[in-house]
Engineer: 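Before I ask anything, here is the structure I am working with.
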Amino acid sequence: MAQQTTLTIPNFSLRDTLLCGQCFRWEELPDGSFSGFAGSHFASVLQSGDQVFITSDTDAAFWEAYFDCDTDYEAAKKRLSHYRAMRRPIERAGGIRLLRQDPWEALCSFIISQNNNIPRIKGIISRMCEAFGEAVPGGYTFPAAERLAACTLDDLAPLRAGFRGKYLLDAAQRVNDGRVVLDRIAASSTEEGEAELIQIFGVGVKVAQCVLLYGFHKLDAFPVDVWMKKVLALHFPNGFPKQAKKDRGIAQQFLFHDIRSFPDQQ
DNA sequence: GGCCAGGCTTTTC
DNA sequence: GAAAAGCATGGC
């Protein structure tokens with residue numbers, strides 16, 4: 001049954017939030033609205049000013065959490081603006097919020113992301129949902145670890161995930177048999193979470209940090225990919241300041257989106 | 001058509 | 001140990 005939810009989110013950019021490379025299951029429609037999945041919930045979402053209008057099968061509490069309405073982004077931006085190199089990214093990408101995504105989906109998504117481009121990442125995830133998820137109105141849910149753990153490498157061939165297929169299987173098997181416990185990582189420090197995640201075949205520090213930031217909402221996680229290496233070399237040659245540790249996940253997302261949006265204005 | 005992609009593992013120096 | 005090669009696939 002369709003439910004209507006309206007959220008008021010100040011200084012928010014739905015478009016930047018959904019297209020900045022933290023999630024891969026939303027599509028922009030010609031009218032500027034978005035349709036896609038948050039976890040197993042299909043939704044249509046439209047922003048108008050500070051208002052966000054959502055049509056879905058779930059309630060406001062879910063969406064307030066998903067769009068991270070309890071985190072004070074203005075305070076974080078104010079702290080980060082202490083650093084000169086953060087000011088323009090805050091101006092240009094400061095409407096992004098760190099979505100509270102499903103940890104298992106984030107793990108798979110960022111395994112798939114390695115040495116890959118965003119359009120193709122979306123394609124692989126889409127095929128994965130269609131092949132192994134559940135059909136629901138609007139599309140397919142993200143497949144459970146249990147479902148993927150029952151697959152062979154040949155079963156994953158239609159996804160065309162390349163060398164990442166074997167990594168997905170190892171992740172699914174470890175989560176399914178309890179060698180990796182996602183609920184435990186949720187209650188752990190970022191450092192402990194990284195140590196647990198990188199045991200998975202094909203998960204290194206960068207993917208682990210993405211999972212911790214996007215799947216576990218650990219705001220001190222700091223994924224460094226090829227783009228962030230450029231940012232750091234250019235603006236933070238001594239590394240990202242330690243004093244800003246608790247905000248560096250948000251900072252990373254602003255910096256990442258800004259260099260990708262304005263590579264010639266860095 | 002060639003370069004490169006939100007890297008990681010394996011091999012080689 | 002550090003650096004380089006190999007990996008699957010396809011977007012641009």
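What you are looking at is a predicted structure, and each value in this text was computed from that prediction instead of being measured. Lettering follows sequence order; numbering is per chain, from 1.
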Engineer: I'd like the P distance from dT11(B) over to dA8(C), given in whole Å.
Structural biologist: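 Result for the P pair: 13 Å, nearest Å.
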Engineer: Testing the basics here: between Leu80(A) and Met86(A), what is the closest heavy-atom pair and its distance to 0.1 Å?
Structural biologist: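 Here Leu80(A) and Met86(A) meet closest at O-CB, 3.3 Å.
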Engineer: NE2 of His257(A) versus P of dG6(B): gap in Å, rounded?
Structural biologist: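 Computing the His257(A):NE2 to dG6(B):P distance gives 13 Å.
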Engineer: Do the charged groups of Arg79(A) and Asp247(A) touch, with an N to O distance under 4.0 Å?
Structural biologist: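 Salt bridge between Arg79(A) and Asp247(A), a charged N being under 4.0 Å from a carboxylate O: yes.
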Engineer: Looking across every strand, which nucleic acid part, if any, lies under 4.0 Å from Gly21(A) by heavy atom: base, sugar-phosphate, or nothing?
Structural biologist: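 Here Gly21(A) touches the bases of the nucleic acid.
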Engineer: Both Ile200(A) and Asp225(A) contact DNA chain B. Taking the nearest nucleotide for each, which residue is further toward the 5' end?
Structural biologist: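 Between the two, 5'-proximity favours Asp225(A).
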Engineer: What I want to find out is whether Lys122(A) reaches Glu28(A) closely enough, with some N-O distance under 4.0 Å, to be called a salt bridge.
Structural biologist: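 Salt bridge: no.
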Engineer: Do Asp31(A) and Ser33(A) meet the criterion of a side-chain donor-acceptor pair at a distance under 3.5 Å?
Structural biologist: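 A pair is found: one side chain offers a donor N or O, the other an acceptor, under 3.5 Å apart.
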Engineer: Can you name the residues that form a salt bridge (charged side-chain N to carboxylate O under 4.0 Å, His left out) with Glu74(A), not counting sequence neighbours?
Structural biologist: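 Result, salt bridge (charged side-chain N to carboxylate O under 4.0 Å, His left out) vs Glu74(A): Lys77(A).
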Engineer: Rounded to whole angstrom units, what separation is found between the CZ atom of Phe222(A) and the P atom of dG6(B)?
Structural biologist: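 Atom-to-atom, Phe222(A) to dG6(B), this comes out as 17 Å.
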Engineer: Please find the earliest and latest nucleotides of DNA chain C, in the 5' to 3' direction, that have an atom within less than 4.0 Å of any heavy atom of chain A.
Structural biologist: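 Under 4.0 Å from chain A, the extent on DNA chain C is dC7(C) to dC12(C).
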Engineer: Whole angstrom is fine here: how far is it from CZ in Phe201(A) over to P in dG7(B)?
Structural biologist: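 Between P of dG7(B) and CZ of Phe201(A): 17 Å.
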Engineer: Side-chain donor-acceptor pair under 3.5 Å between Ser189(A) and Glu192(A), yes or no?
Structural biologist: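 Indeed, the side chains of Ser189(A) and Glu192(A) share at least one donor-acceptor pair under 3.5 Å.
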Engineer: When we call it a touch if two heavy atoms are under 4.0 Å apart, what does Val224(A) touch: a base, just sugar-phosphate, or nothing?
Structural biologist: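 The residue Val224(A) makes no contact with any strand.
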Engineer: How about Gln265(A) and Arg92(A): does a side-chain donor come under 3.5 Å of a side-chain acceptor?
Structural biologist: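 Side-chain D/A pair, Gln265(A) to Arg92(A): present.
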Engineer: Looking at dG6(B), does its base get a donor-acceptor pair with the side chain of Gln209(A) below 3.5 Å?
Structural biologist: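 Side chain to base: no pair below 3.5 Å.
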Engineer: Is there any side-chain hydrogen bond (donor to acceptor under 3.5 Å, both in side chains) pair reaching into residues 221-232 of chain A, and which pairs are they, with sequence neighbours excluded?
Structural biologist: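 Qualifying pairs: none.
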Engineer: Tell me which residues in residues 109-122 of chain A put a heavy atom below 4.0 Å from DNA chain B, sorted by number, or none.
Structural biologist: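 Nucleic-acid contacts, sorted: Ser113(A), Gln114(A), Asn115(A), Asn116(A), Asn117(A), Ile118(A).
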Engineer: Does the ring centre of Phe110(A) sit less than 6.0 Å away from the ring centre of Phe24(A)?
Structural biologist: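 Yes, they do, as the ring centres are separated by less than 6.0 Å.
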Engineer: Among the nucleotides dG6(B), dT10(B), dG7(B), which one has an atom lying closest to any side-chain atom of Val226(A)?
Structural biologist: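 The listed nucleotide nearest to Val226(A)'s side chain is dG7(B).
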Engineer: Could you check whether Arg25(A) makes a cation-pi contact with Phe142(A), meaning its NZ or CZ is under 6.0 Å from the centre of the six-membered ring and within 45° of the ring axis?
Structural biologist: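 The answer is no; the distance or angle limit is not met.
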Engineer: Has the side chain of Gln22(A) got a donor or acceptor atom that lies under 3.5 Å from a matching backbone atom of Tyr214(A)?
Structural biologist: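 No; judged by distance alone, with no hydrogens or angles, the pair does not exist.
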Engineer: In whole Å, what separates the P atom of dA4(C) from that of dG6(B)?
Structural biologist: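 Comparing P positions in dA4(C) and dG6(B) gives a spacing of 23 Å.
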Engineer: Distance check needed: dG6(B) C1' versus Ile125(A) CD1, whole Å only.
Structural biologist: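 So the two atoms are 12 Å apart, to the nearest Å.
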Engineer: Looking for any heavy atom pair under 4.0 Å, which part of the strands does Phe24(A) touch: base, sugar-phosphate only, or nothing?
Structural biologist: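 Touches nothing.
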Engineer: Please give me every residue in residues 158-172 of chain A whose heavy atoms get under 4.0 Å of an atom in DNA chain C, ordered by residue number.
Structural biologist: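 Here the set is Arg160(A), Gly162(A), Phe163(A), Arg164(A), Lys166(A).
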Engineer: At under 4.0 Å between heavy atoms, what does Phe256(A) touch on the DNA or RNA strands: base, sugar-phosphate, or nothing?
Structural biologist: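 The residue Phe256(A) makes base contact.
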Engineer: By side chain to side chain donor-acceptor pair (under 3.5 Å), which residues pair with Arg174(A), not counting sequence neighbours?
Structural biologist: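 Applying side chain to side chain donor-acceptor pair (under 3.5 Å) to Arg174(A) gives Asp170(A).
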